[in-house]
Amino acid sequence: MARPFAKMDFMNTQTLPYNVQAVRADFPILGQEHHPGVPLVYLDNAASSQKPLKVINALDDYYRRYNANVHRGIHKLSEQATAAYEEARIKIKRFINAASKREIIFTRGTTESINLVAQTWGRANLKVGDVVVSTVMEHHSNIVPWQIRAAEKGFTIRYIPVLPDGTLDLNAYAALLRDENVKLVTVMHVSNMLGTVNPVVEMAQQAHAAGALILVDGAQSTPHMSVDVQALDVDFFAFSGHKMCGPTGIGILYGKRDLLEAMPPWMGGGDMISRVTLDGSTWNDLPYKFEAGTPIIAGAIGLGYAVDYLSELGMDKIHAYEQAIAAYALERLAEVPGITVYGPDADKKGAVAAFTLDSVHAHDVAQILDAEGVAVRAGHHCAMPLHEHFGVPATARASFYLYNTFAEVDALIEGLYKAKKAFA
Ligand code: PLP
């Protein structure tokens, strides 16, 4: 049996930065039953977060009151839509402290942002003999775009190994950077499986000292901690709206202005041009050069409101709250006999716990938890090389967000005991 007083023991030592019940009231989905009589415990936040009323209402308001295409119309609705779309860009610029709104490109998400860089900067700058340095812990979206480009351009990809504690081998990184052919380092900020927070400030300094650029996949950091792209001094930074209270289908590529200016466009069409003749075309200014066609207007506006929501709550408070939940979750998970939790200790990781349980397959764990109302993810989490590194085909993953409670951690633990019993 799980220890009945664990939550009280833990909470006596913690001061929580906000009232989570008040926060939960902002998310209508969290109040519903997962099955009749069984409340929803949503612990699949690394895959996608839930949405607060502020965002849901903003989408509703756009479609009800001022739905129109942007940048093209002279009429009032189009002007309103354009103003809201561009206001969202400014909100996001402030949120990540970019130097200019021209450095904020709307994309469909992290995947598209990384592909954009691989397709345009990669095509223009990488050639046979060059090296791109990535890591074994990357999400497929930061491996495959480079493999596709490497197959065409003939450069080499080298991977920083992962140590047994789930952190990067930084000595190996330093050694890789001794090769003067390294042109780009592309690394995740926070691992979606291990939760490892990579030291991107130091990694950026080292990359730059070696004459390379650095791209950071911020899909799992931007929703959970304060991000300042100028302080990080990264060249490109990618993230997704749907993991940070925003809608699906919208994401951001941040790039330093001089780099973006020099990059060729990738998709051609409306809005990204300055002039088109039958003999050729010239390109629009940043950021529009990379935003061909009708953009994801509602998504961008919704993301702007998500950023408002997160900023009002406070990214530092969110981070502190999640650290407390994650520490409690790791403490409780460690009590479960036969469990292996992957990744570093609580103080070095985000609010993610991927684990295996004895001989119970991760999918069976997830299915039994689902019957208990607890939604977790099972599989390779788009990190097959990392799972291979740890010698497991799949893990179950509980990932937490600003609205999860200590009681929900207890529900997870109780569900795991049920899974063990069912497969004993
Ligand atoms: N990178 C990381 C670390 C992720 O966790 C994810 C999504 O799970 C992605 C990239 C891809 O994000 P998206 O599917 O929103 O493009």
Side-chain angles (χ1 to χ4, degrees), residues 42-51 55 92 96 105-119 134-148 159-160 162 166-168 185-198 200 203 214-225 227 232 234 236-254 266 290 296 299-300 302-303 306-307 322 342-344 349-354 375-387 389 394-401:
Y42 186 76
L43 301 182
D44 193 18
N45 295 287
S48 202
S49 73
Q50 298 303 343
K51 321 301 172 201
V55 171
I92 292 150
I96 61 167
I105 317 283
F106 284 120
T107 64
R108 282 192 304 125
T110 310
T111 304
E112 187 172 297
S113 298
I114 297 172
N115 274 276
L116 191 164
V117 179
Q119 292 276 345
S134 187
T135 85
V136 171
M137 67 169 69
E138 294 312 303
H139 188 280
H140 297 164
S141 66
N142 200 18
I143 296 175
V144 184
W146 303 107
Q147 291 175 335
I148 291 172
Y159 298 97
I160 308 170
V162 171
T167 60
L168 289 176
V185 174
T186 186
V187 59
M188 65 198 333
H189 199 171
V190 175
S191 162
N192 60 314
M193 178 202 168
L194 304 170
T196 315
V197 182
N198 289 321
V200 290
M203 292 181 81
I214 186 164
L215 180 155
V216 172
D217 168 354
Q220 297 294 346
S221 61
T222 320
H224 305 283
M225 60 176 73
V227 165
L232 294 175
V234 291
F236 300 106
F237 191 88
F239 58 99
S240 301
H242 67 98
K243 294 181 197 289
M244 48 188 286
C245 296
T248 48
I250 187 76
I252 299 294
L253 172 68
Y254 157 83
W266 69 322
F290 296 111
I296 312 131
L303 179 55
V307 157
E322 289 183 16
Y342 299 86
K349 76 190 242 156
V352 179
V376 299
R377 183 148 293 238
H380 51 66
H381 319 300
C382 295
M384 280 171 117
L386 186 57
H387 279 73
H389 170 81
T395 52
R397 181 184 70 185
S399 52
F400 304 90
Y401 205 20

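All ligand and atom numbering here is 1-based and tracks the order in the structure. Small disclaimer: the values here were computed from a predicted structure and weren't measured. Along the sequence shown, residues are numbered consecutively beginning with 1.
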CD1-OG distance between Ile143 and Ser134, expressed to the nearest 0.5 angstrom: 6.0 Å
Check: Ile160 main-chain N/O paired with Thr135 side-chain donor or acceptor under 3.5 Å: no
Lys51 side-chain N/O to Ser49 backbone N/O, donor-acceptor pair under 3.5 Å: yes
Test item: Gln220 side-chain N/O and Ala46 main-chain N/O as donor-acceptor pair under 3.5 Å: yes
Spatial distance of atom OG1 (Thr395) from atom NE2 (His381) [nearest 0.5 Å]: 3.0 Å
Parallel, tilted or perpendicular: rings of His224 and Tyr401 (30°, 60°): perpendicular
Residues forming a side-chain hydrogen bond (donor to acceptor under 3.5 Å, both in side chains) with His380, sequence neighbours excluded: none
His242 and ligand 1 - part of the residue with a heavy-atom distance under 4.0 Å: side chain
Contact atoms of ligand 1, heavy-atom distance to Asn192 under 4.0 Å: 5 (O)
Proximal atoms of ligand 1 relative to Ser141 (non-hydrogen, under 4.0 Å): 1 (N), 9 (C), 10 (C), 11 (C)
Nearest protein heavy atom with distance in Å, relative to atom 1 (N) of ligand 1: Asp217 OD2, 2.6 Å
Atom 16 (O) of ligand 1 - nearest protein heavy atom and its distance: Thr111 OG1, 2.6 Å
Atom 5 (O) of ligand 1: the protein heavy-atom neighbour that sits closest, reported with distance to 0.1 Å: Gln220 NE2, 2.6 Å
Residue, atom name and distance, where the atom is the protein heavy atom closest to atom 12 (O) of ligand 1: Ser240 OG, 3.5 Å
Ser240 and Thr110: CA distance, side-chain angles, deciding distance, side chain to side chain donor-acceptor pair (under 3.5 Å) verdict: CA-CA 5 Å; Ser240 301; Thr110 310; 2.5 Å; yes
Contacting atoms of ligand 1, where contact means under 4.0 angstrom from a heavy atom of Met188: 3 (C)
Nearest-neighbour protein heavy atom for atom 4 (C) of ligand 1, which is reported as residue plus atom name and distance: His139 CD2, 3.3 Å
Top protein contact for atom 7 (C) of ligand 1, by heavy-atom distance: Lys243 NZ, 2.6 Å
Within-shell test, His189 vs ligand 1, heavy atom, strictly < 4.0 Å: no
Test of proximity, Glu112 against ligand 1: N or O pairs below 3.5 Å: no
